[in-house]
Amino acid sequence: MPPHSQLDIPSLLHRIPLFSELSDADIQLVARYTRDRHVARGEVLFQRGDQPHGFYFVVSGQVKLAFSSAQGTEKVVEIIGPMQSFGEAVMFMNHPYPVFAEALTDTVLVHVGQQVVTDLIDQDSTFAHKLLAGMAIRLHGLIQDVETYSLRSSMQRVIGYLLQVADSDTPSEIALPTSKQVIASRLNLTPETLSRIFHDLSEAGLISVHGKRITLHDPQRLSRYNA
């Protein structure tokens, strides 16, 4: 990723789905309220309870949204990757963040200020509709997650995740995008359960595991396993 002085903020803003149909003049306006942030792996963007003042768009890297229980265990709510945004809904609720955000890798983001988004909503009803549509899609995804955790077995969750990352019906090798501990939390599993399932799938000849690299030998057969 280019250093700070070479980041083309207007070009990056055009890549945010929410801003895809804005005029160049509007993009230049938004750019004046936008700041880039370069965060190292493990750096916290905001803590649970902090007040939001805009939303984030990931240019490169990964950010996890999570919360910690009173017992100190961590639950990963979502993993945000490149070309994805987060924080739009909370920005309008005038409530503190319900989660904390931590960079899983060295990450580059842009932060768009709340005031300019509010002004665009007041000026352009089409923009407001796109914003609502984007938040509705995010909500639909979270509802699907709840359904997955409630109705699918641990094995089915892991298989679904692997097939989603691979996104192919043919044998392929994938690189897990983050640590197994984070993936386990995202799938509402313990790390031990995730490791056991990887072992069982390996014993069945469906996958091979080499660290964070996993070979899916027969995705179609894998999709039917434990159905």
Side-chain angles (χ1 to χ4, degrees), residues 39-45 48 58-86 98-109 137-227:
V39 293
R41 177 183 178 184
E43 186 174 342
V44 174
L45 279 163
R48 183 177 185 178
V58 178
V59 180
S60 65
Q62 284 186 323
V63 174
K64 72 175 178 182
L65 306 181
F67 60 86
S68 298
S69 69
Q71 293 73 33
T73 58
E74 180 179 283
K75 174 67 180 83
V76 177
V77 176
E78 199 167 4
I79 299 173
I80 310 295
M83 304 299 109
Q84 291 182 297
S85 59
F86 61 97
V99 296
F100 68 85
E102 179 183 327
L104 292 172
T105 64
D106 292 348
T107 299
V108 178
L109 315 94
I137 290 171
R138 176 71 58 80
L139 177 61
H140 182 68
L142 292 175
I143 290 173
Q144 286 184 316
D145 284 348
V146 172
E147 180 182 8
T148 296
Y149 300 151
S150 302
L151 302 179
R152 294 186 182 179
S153 68
S154 300
M155 177 71 76
Q156 289 170 333
R157 283 178 242 165
V158 174
I159 291 173
Y161 177 80
L162 293 175
L163 293 173
Q164 181 183 39
V165 173
D167 192 25
S168 174
D169 290 334
T170 59
S172 59
E173 182 180 79
I174 62 173
L176 295 179
T178 186
S179 70
K180 293 175 183 176
Q181 182 173 358
V182 170
I183 292 170
S185 179
R186 182 71 184 88
L187 298 177
N188 207 29
L189 304 171
T190 65
E192 294 77 15
T193 298
L194 180 63
S195 294
R196 176 180 55 78
I197 291 173
F198 279 167
H199 177 268
D200 290 345
L201 292 175
S202 297
E203 288 291 301
L206 293 167
I207 67 172
S208 296
V209 182
H210 304 283
K212 292 179 69 173
R213 304 200 70 84
I214 297 181
T215 301
L216 278 60
H217 299 298
D218 187 344
Q220 294 188 29
R221 181 178 162 222
L222 179 64
S223 67
R224 299 189 296 269
Y225 190 79
N226 197 45

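Given the structure is predicted, the values throughout are model-derived calculations rather than measurements.
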For this session: Could you list the residues that satisfy side-chain hydrogen bond (donor to acceptor under 3.5 Å, both in side chains) with S85, not counting sequence neighbours?
Result: E88

Side-chain donor-acceptor distances from residues 169-182 under 3.5 Å, at least two apart:
unit_1 : atom_1 : unit_2 : atom_2 : d
T170   : OG1    : S168   : OG     : 2.9
E173   : OE1    : R213   : NE     : 2.9
E173   : OE1    : R213   : NH2    : 3.2
S179   : OG     : V182   : N      : 3.2
K180   : NZ     : G211   : O      : 3.3

Problem set entry | Nearest atoms (heavy-atom pairs only) where S60 meets P82 | CA-CG, 4.2 Å

Exercise. From K75 NZ over to N188 CG, what is the distance, rounded to the nearest 0.5 angstrom?
Worked result: 5.0 Å

For this session: Supply the atom-to-atom distance L45 CG to F86 CZ, rounded to the nearest 0.5 angstrom.
Result: 5.5 Å

Problem set entry | Whether S185 side chain and E74 backbone form a donor-acceptor pair below 3.5 Å | yes

Exercise. For the side-chain contact (heavy atoms from CB on, under 4.5 Å) test, which of L104, V39, L109, I79 pairs with V63?
Worked result: L109

Let me have the donor-acceptor pairs involving side chains of residues 189-197, under 3.5 Å, with sequence neighbours excluded, atom names and distances please.
unit_1 : atom_1 : unit_2 : atom_2 : d
T190   : OG1    : T193   : N      : 3.1
T190   : OG1    : T193   : OG1    : 2.8
S195   : OG     : P191   : O      : 3.2

Exercise. Taking only residues two or more places apart in sequence or in another chain, which ones pass side-chain contact (heavy atoms from CB on, under 4.5 Å) with H217?
Worked result: S208, T215

For this session: List the atom of P98, the atom of F67, and the distance in Å for their closest heavy-atom pair.
Result: O-CB, 4.2 Å

Problem set entry | For R221, all residues meeting side-chain contact (heavy atoms from CB on, under 4.5 Å), sequence neighbours excluded | L206, D218, R224

For this session: Would you please name every residue forming a ring pair (Phe, Tyr, Trp, His ring centres under 6.0 Å) with Y161, sequence neighbours left out?
Result: none

Problem set entry | L201 side, atom CG; L222 side, atom CG - distance, nearest 0.5 Å | 6.0 Å

For this session: Mind checking the CZ-CD spacing from R41 to E102? Nearest 0.5 Å is all I need.
Result: 9.5 Å

For this session: Would you name the heavy atoms of D200 and M155 that are closest together and state the gap between them?
Result: CB-CE, 4.2 Å

